[in-house]
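Structure first, then comments.
Along the sequence shown, residues carry numbers from 1.
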Amino acid sequence: MPLAVLQSPGPLLVELGPLAIRWYGLLIALAVLLGLWVSSGLAKMRGLEAGVISDLLPLIVLGAIIGARLYYVIFEWRQYQINWLEAFQIWKGGIAIHGALLGGSLAVVAYARWMKLSFWGLMDVLLPSVVLGQAIGRWGNFFNSEAFGLPTSLPWKLWIPVANRPAAYLSENWFHPTFLYESIWDLGLFVLLILLIKRRRSNGDWLLPLGGISCIYALVYSLGRYWIEGLRLDPLCLWGSLEQANCLRMAQLVSLLLALAGAAGLAWLLALKRPLPDPGRPID
């Protein structure tokens, strides 16, 4: 008996003449607004000045959009090398979350150095909102019938329109709802980060030193993404191709590196009891 059979109603929420509101855009806007609310509250709790997050948010969004698109175009350049102007047509799709994380992080570095703030202090209050936004944003993949996994006969499954199926799977109807797997994983990580960032020791100090929340995010998110990426039928390949079964999945490689960096950072903070090098504070 099927436990959950999912089928997208389509990418459009409302269409009034030339005006079209897409589910993906609505979800991104919702993620940004919720993220601003959550991170502003966490920043206040951690003693940051009022308005820091609202001032930083436009820079993060801009950096994330540029990074997400640039990352995708670089690894899918074969799609754009004939007509490179299409690389600017982001409304046609083609972004990557690891590129968004890189671009957003660089924006935080620049802002932290400009305002003479701790990079890790900012990242610790931002990343719970980031992973909440990822949990919400993944539902955009559902409405677009994209970023799905291998065919499956499990009691939970996702129906994909024929037009969106890879050529090798046109006869298949049901696929792994990888968007749902990652959304659930991200939501669980959000709850974990919120619980940890609010905890204090008996002496009143925060349970985790600066950068601890960021390291846990890098470790836990990447472990889930590594597994889920192995199911997907639309990976970005560093080399090879999915059709030839020799694709080195870029997201898996980056996830592995981020997980190792997160684990190393936690060991540095908790075992060696030393602060992480901070790229935000200006060098004297």
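In this structure, Leu150 CG and His176 NE2 are separated by 6.0 Å, a value rounded to the nearest 0.5 Å. Distance check: Leu189 CG to Ile184 CD1 gives 14.0 Å after rounding to the nearest 0.5 Å. Interatomic distance, CZ of Arg232 versus CZ of Arg225, reported as 5.0 Å (0.5 Å rounding). A distance of 10.5 Å separates CG in Leu56 from CG in Leu36, rounded to the nearest 0.5 Å. Tyr181 OH to Trp156 CH2: the interatomic distance, rounded to the nearest 0.5 Å, is 6.0 Å. Atom OG1 of Thr178 sits about 8.5 Å away from atom CD of Glu229, to the nearest 0.5 Å.
The closest donor-acceptor contact from the side chain of Glu15 to the backbone of Ala20 lies at 3.5 Å or more, if one exists at all. Side-chain atoms of Asn144 never come within 3.5 Å of backbone atoms of Pro11 as a donor-acceptor pair (strictly under, hydrogens ignored). Put simply, the side chain of Asp124 gets close to the backbone of Ser214: a donor and an acceptor are under 3.5 Å apart. Between the Arg274 side chain and the Trp268 main chain, no donor and acceptor come within less than 3.5 Å of each other. A donor-acceptor contact shorter than 3.5 Å links the side chain of Trp120 to the backbone of Pro277. At least one donor-acceptor pair closer than 3.5 Å links the side chain of Ser8 to the backbone N or O of Phe142. Checked by atom type and distance alone, the side chain of Asn141 never pairs as donor or acceptor with a backbone atom of Ala147 at under 3.5 Å.
Using a 4.5 Å cut-off between side-chain heavy atoms of Ile, Leu, Val, Met, Phe, Trp and Tyr, with links allowed through other members, Val109 and Leu127 fall into the same hydrophobic cluster. Hydrophobic clustering, with ILVMFWY side chains joined whenever heavy atoms are under 4.5 angstrom apart, keeps Leu62 apart from Met123. Residue Leu256 is not grouped with residue Leu102 when hydrophobic side chains (ILVMFWY) are merged at heavy-atom distances under 4.5 angstrom, including chains of intermediate members. By the criterion of side-chain heavy atoms lying less than 4.5 angstrom apart, applied directly or through intervening Ile, Leu, Val, Met, Phe, Trp or Tyr residues, Leu12 is not grouped with Tyr24; the two fall into different hydrophobic clusters. Residues Ile66 and Val108 are members of separate hydrophobic clusters, defined by side-chain heavy-atom contacts under 4.5 angstrom among Ile, Leu, Val, Met, Phe, Trp and Tyr.
Within a 6.0 Å sphere centred on CH2 of Trp37, heavy atoms belonging to other residues, nucleotides or ligands number 12 at most. The number of heavy-atom neighbours closer than 6.0 Å to CZ of Arg200, taken from other residues, nucleotides and ligands shown, is above 12.
Using a 4.5 Å heavy-atom cutoff, the side chains of Leu258 and His98 are in contact. Between Cys215 and Leu276 there is a side-chain heavy-atom pair separated by less than 4.5 Å. Between Ile197 and Arg46, the closest side-chain pair of non-hydrogen atoms falls below 4.5 Å. Counting heavy atoms from C-beta on, the side chains of Tyr71 and Val254 come closer than 4.5 Å. Side-chain contact between Val220 and Leu193 is absent, with no heavy atoms from C-beta onward closer than 4.5 Å. Using a 4.5 Å cut-off on side-chain heavy atoms (C-beta onward), Val125 and Ile213 make no contact. Counting heavy atoms from C-beta on, the side chains of Trp185 and Arg138 never come closer than 4.5 Å. Under the 4.5 Å side-chain criterion, counting only non-hydrogen atoms from C-beta, Gln134 is in contact with Tyr221.
Within the structure, the salt bridge (Lys or Arg N to Asp or Glu O under 4.0 Å) test picks out no pair touching residues 49-60 (sequence neighbours left out).
Between Ile136 and the choices Leu187, Leu34, Val131, the side-chain contact (heavy atoms from CB on, under 4.5 Å) rule is met once, by Leu34.
Side chain to side chain, Ser183 and Trp139 meet the donor-acceptor criterion of an N or O pair below 3.5 Å.
Of all heavy-atom pairs spanning Leu269 and Pro275, the tightest one is CD2-CA, 4.2 Å. Scanning all heavy atoms of the two residues, the minimum distance from Pro235 to Leu242 falls at CD-CD2, 3.9 Å.
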